[in-house]
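Residue numbers start from 1 in every chain, and the chains themselves are labelled A, B, ... in the order their sequence lines are given, proteins ahead of strands.
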2 protein chains.
Amino acid sequence: MAPTDHRPLTLRDVSEASGVSEMTVSRVLRNRGDVSQATRERVLEAAKALGYVPNKIAGALASQRVNLVAVIIPSLRNMVFPEVMSGISQELEETDLQPVVGVTDYLPEKEERVLYEMLSWRPSGVIIAGLEHSDASRAMLKASGIPVVEIMDTDGTPVDAAVGISHRRAGREMARAIIRAGYTQIGFLGTKMPLDHRARKRFEGFTEHLAKHGIEVADQEFYSGGSALAKGREMTRTILERTPELDFLYYSNDMIGAGGLLHLLDLGVDVPGQVGLAGFNGVELLDGLPRKLATMDACRAEIGRKAAQIIAARVADPASAAEKVIELTPTISYGETLKRR
Amino acid sequence: MAPTDHRPLTLRDVSEASGVSEMTVSRVLRNRGDVSQATRERVLEAAKALGYVPNKIAGALASQRVNLVAVIIPSLRNMVFPEVMSGISQELEETDLQPVVGVTDYLPEKEERVLYEMLSWRPSGVIIAGLEHSDASRAMLKASGIPVVEIMDTDGTPVDAAVGISHRRAGREMARAIIRAGYTQIGFLGTKMPLDHRARKRFEGFTEHLAKHGIEVADQEFYSGGSALAKGREMTRTILERTPELDFLYYSNDMIGAGGLLHLLDLGVDVPGQVGLAGFNGVELLDGLPRKLATMDACRAEIGRKAAQIIAARVADPASAAEKVIELTPTISYGETLKRR
DNA sequence: ATGAAAGCGCTAACAT
DNA sequence: ATGTTAGCGCTTTCAT
C-alpha cells in the first residue's frame with residue numbers, strides 16, 4: 001500500500017470530475033440558484049463517487065454565517081442538563097441550526113474560557129445556564145452581537161433574554177406547602193456548592209417564607225461528591241441523629257431526597273406522618289421508588305425548547321423583538337412524602 | 001441609542017488600536033514567535049479594551065488546523081455516555097484539543113448525518129461509539145484521513161482503532177458466575193432496542209455460555225421508554241407472574257435491575273437466596289440501594305481517557321502507530337444479589 | 001443556467 | 001523583533 005497522502009477533497013476536485021465550474025458545484029451542493037437537472041445529477045454523482053465532504057470552515061468564512069448555537073451548561077452528569085439539551089435539539093431540528101455543547105463544571109473561570117472558545121467560532125446564538133457570570137463573560141456576550149438566552153433562572157437581569165423558573169419562588173412555595181401541612185421542625189439538606197446559585201436561591205426563598213411564619217430552619221447538612229443516593233442516606237442519618245426532633249427534610253435535589261427516603265423506610269420511620277420529605281427537580285427516577293417523593297418540576301425540556309425558539313426566531317429575523325424574560329411555573333408534586341391539606 | 005451596527009472586531013482593529021502590524025498582533029494572541037515584552041503588553045491591552053475575540057474560522061482556514069475532536073455517541077440520557085465524555089474531556093484538557101459532541105439517538109441514518117456535519121468542520125480526530133456503522137459512515141471515516149477511535153466495544157473490526165470491552169465476553173462471564181452460584185432457571189430482561197448492538201452482544205455471549213451447560217434462558221421480557229426504574233419493577237412483576245420458577249434475573253442495565261430489586265424487596269422475596277439478580281454497568285446509583293446489585297463495570301471513564309490519548313498522540317505525531325484494539329477487562333461485582341462460591 | 005473575480009479574516013513562509 | 005505577501009476553500013456579486 002502506497003502511503004497515499006490524504007489531501008482532503010475540495011470543490012475543485014468535484015468540479016474537475018464533473019466538468020462543471022466550482023461555482024455550479026457549490027450551487028448544487030447547497031440547493032441554491034438555478035441549476036439544470038442534468039448538471040445537478042452529474043455533480044451529485046461526482047461528489048458521491050469521490051466521497052466529497054464540504055469544508056464548512058471555508059464556507060462559513062465566505063458566507064459569514066455559522067449554523068451553530070453554543071450551549072453552555074455546568075455539567076452533563078446532572079440529568080437536568082441532558083434534558084434541557086434534548087429540548088433544545090428537538091426544537092433546532094426544525095431549523096438548520098445545530099447545538100454545540102460546552103461544559104463549565106460550575107466554575108466561572110471555566111465558563112469564561114468555554115464561552116471565549118465558543119464565541120471564537122462565531123456561532124449564530126448562545127444559550128447559557130444561569131444569570132450569574134463574570135464581568136468578562138457578560139461583556140463578551142454583549143459584544144458578540146448575537147442572540148443570547150440565559151436559561152434555568154429568572155431571578156436577576158439577563159444580558160439579552162432569559163427563560164427559566166424563579167428558584168426563590170420555588171423555595172417559597174415549597175415552604176408554604178410544608179407549613180400548610182403542619183410541619184414545624186424543618187431541616188435542609190443540600191450540596192456544598194457555593195457556586196450553584198439556583199440551589200442558593202431556592203434556599204433563600206425557602207427560609208424567607210419560613211421566617212414569615214416565625215419558623216427557622218432547625219438544622220442543615222451539606223455534602224459534596226460521591227453517589228448522591230448514598231450521600232442522601234448518610235446525611236439523613238447524620239442530621240436526624242443530631243436533631244431528632246426534625247419532622248421535615250427539604251433536599252436540594254431529588255437524588256439525595258430519594259436516598260433519604262430509602263433510609264427512613266429502612267428504619268421503619270412513618271413517612272410522611274413522622275417525617276415529611278421533599279426534593280427538587282421531578283426526575284424520572286422517582287417513579288420507581290417505593291414511595292413517591294414530593295418534588296417540584298423544573299420545566300427542563302420546556303426551558304430548552306423555548307430558548308431554542310427564541311434563538312431560531314432571532315436568527316431568522318434579527319429585528320424580531322421577543323419578551324425578554326419568560327418565567328415558567330413549576331408545579332409542585334406532593335407525591336407520598338408530604339402531607340396534603 | 002444609535003443602532004450601532006455590530007461588525008465583529010478583526011485583527012485589523014486590534015492592529016490599528018495598538019499601532020502594530022496584524023501579523024504581530026496574531027503572534028501575541030497565539031503566543032508564537034518572538035515578540036518584545038513591550039509590544040506584547042500593548043497588544044494585549046488593546047485587544048482586551050476592544051473586547052476582541054479571535055475568529056477561529058479564519059484561523060482554521062489559514063492554518064489548516066482545527067483543534068476539535070468530534071465525539072459521536074448515541075445519547076446523553078444514558079449516564080454511560082456523560083461518564084465517557086468526562087474521561088475524554090479530562091484527558092483532552094492536557095492538550096489544546098476540544099471535544100465536540102454529536103448525538104445519534106441510536107439511529108444509523110442520524111449517525112451518518114451527524115458524522116457528515118462534524119467532518120465538514122474538519123476536526124482533528126473522531127471518537128465514535130460502536131463498531132457498527134452504515135457503509136457510507138465507514139467510508140467517510142476512512143476517507144477523512146484523521147485518527148478515528150471506535151469506543152465501547154471490541155467485538156468486531158474497527159475502521160482505525162478501538163477501545164472498549166468485549167460485550168460477548170461480559171455476557172459469558174456473567175453467565176459463568178450465575179451458573180457457578182447454582183442458579184438454573186434464568187430470565188433475561190432488556191431494552192427493546194434492536195440497534196443497541198452492545199446489549200445484543202452481551203445477550204449472545206450470555207446465552208452461548210449457558211448453552212455450554214445445557215441451560216437455556218427460561219423467559220425474556222423487553223421494554224422501551226419511560227422511567228427505567230419503574231419499568232424494571234413492572235417487567236420483573238410480569239416475568240415472575242408468567243414464569244414463577246425463575247431463580248435468576250439478568251438485566252441489560254443497572255437501572256432496570258435496581259427497579260427489579262426494589263420490587264422483590266417490597267414483595268419480601270429472599271434475594272439472592274430465592275432469586276438472584278444482576279445488571280450491567282456499575283452505575284454510581286447502586287451504592288445507595290438497600291442491597292447492592294451485582295453488576296459488571298463497563299470501564300466508562302477509562303475508555304474515554306484511552307480514546308482521547310490515542311487521538312492526542314496521533315495528532316501530535318501522525319506517524320505514531322498505536323495498538324489498533326485495546327480491550328479493557330470489566331470486573332464483575334457480586335454485590336449482595338448474586339450468591340458467591 | 002453558468003462562469004469569473006474578489007475577498008471573508010486569518011496564518012505560513014519569507015523578508016527585513 | 002517585526003513586517004509583507006500570498007493564499008486557505010469556499011460564497012457573494014456581477015457578468016454572460
Side-chain angles (χ1 to χ4, degrees), chain A residues 6-44 46-47 50-67 96 116-117 119-124 144-145, chain B residues 6-44 46-47 50-67 96 116-117 119-124 144-145:
Chain A
H6 259 294
R7 177 184 56 77
L9 296 164
T10 68
L11 263 191
R12 172 175 213 111
D13 296 305
V14 182
S15 162
E16 283 167 5
S18 60
V20 185
S21 77
E22 287 185 39
M23 200 48 239
T24 300
V25 173
S26 168
R27 281 195 270 250
V28 170
L29 265 23
R30 287 175 300 141
N31 289 312
R32 279 271 149 137
D34 298 319
V35 183
S36 75
Q37 190 53 31
T39 317
R40 146 168 277 103
E41 275 163 22
R42 265 201 308 159
V43 168
L44 287 175
L50 294 172
Y52 172 70
V53 176
N55 184 329
K56 287 224 178 195
I57 296 176
L61 184 60
S63 65
Q64 304 280 66
R65 338 188 322 103
V66 177
N67 70 333
D96 70 339
Y116 186 82
E117 185 75 20
L119 287 180
S120 72
W121 287 101
R122 300 289 188 263
S124 290
S144 70
Chain B
H6 258 294
R7 177 184 57 74
L9 296 163
T10 68
L11 262 191
R12 172 175 211 114
D13 296 306
V14 182
S15 163
E16 282 168 4
S18 61
V20 187
S21 77
E22 288 184 39
M23 199 50 234
T24 300
V25 173
S26 169
R27 281 195 270 250
V28 170
L29 265 22
R30 287 176 301 144
N31 289 311
R32 282 245 206 274
D34 298 320
V35 181
S36 75
Q37 190 54 32
T39 319
R40 146 168 276 104
E41 275 162 22
R42 263 201 308 158
V43 168
L44 287 176
L50 294 173
Y52 173 71
V53 176
N55 185 330
K56 286 225 179 194
I57 296 176
L61 185 61
S63 66
Q64 304 280 67
R65 324 190 334 101
V66 176
N67 70 335
D96 69 340
Y116 185 82
E117 185 75 20
L119 287 179
S120 72
W121 287 102
R122 300 289 187 265
S124 290
S144 70

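Here dA1(D) presents its P atom at 15 Å from CD of E41(B), a figure rounded to the nearest Å. In this structure, D34(A) atom CG and dA1(C) atom P are separated by 4 Å, rounded to whole Å.
Taking every heavy atom of both residues into account, R40(A) and N31(A) meet most closely at NH2-OD1, 3.1 Å.
Regarding contacts with the backbone of dA4(C), every side-chain N or O of S21(A) stays at 4.0 angstrom or more from both OP1 and OP2. For dA1(D), the OP1/OP2 oxygens have no side-chain nitrogen or oxygen of T39(B) closer than 4.0 Å.
Atom CG of residue L44(B) and atom OH of residue Y52(B) lie 12.5 Å apart, to the nearest 0.5 angstrom. The OG atom of S124(B) sits 12.0 Å away from atom CZ of R122(B), with the distance rounded to the nearest 0.5 Å. Taken from CG in D96(B) to CD in E117(A), the straight-line distance is 9.0 Å, to the nearest 0.5 Å.
Checking side-chain atoms of S15(B) against main-chain N and O of V20(B) turns up a donor-acceptor pair under 3.5 Å. Distance alone, capped at 3.5 Å, is enough to place a donor-acceptor pair between the S63(B) side chain and the G59(B) backbone.
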Next on the checklist: I'd like to compare against my own output: the B/S/- annotation of nucleotides 6-16 of chain D with a strict under-4.0 Å heavy-atom distance to protein.
Outcome noted: -BBBBBB----
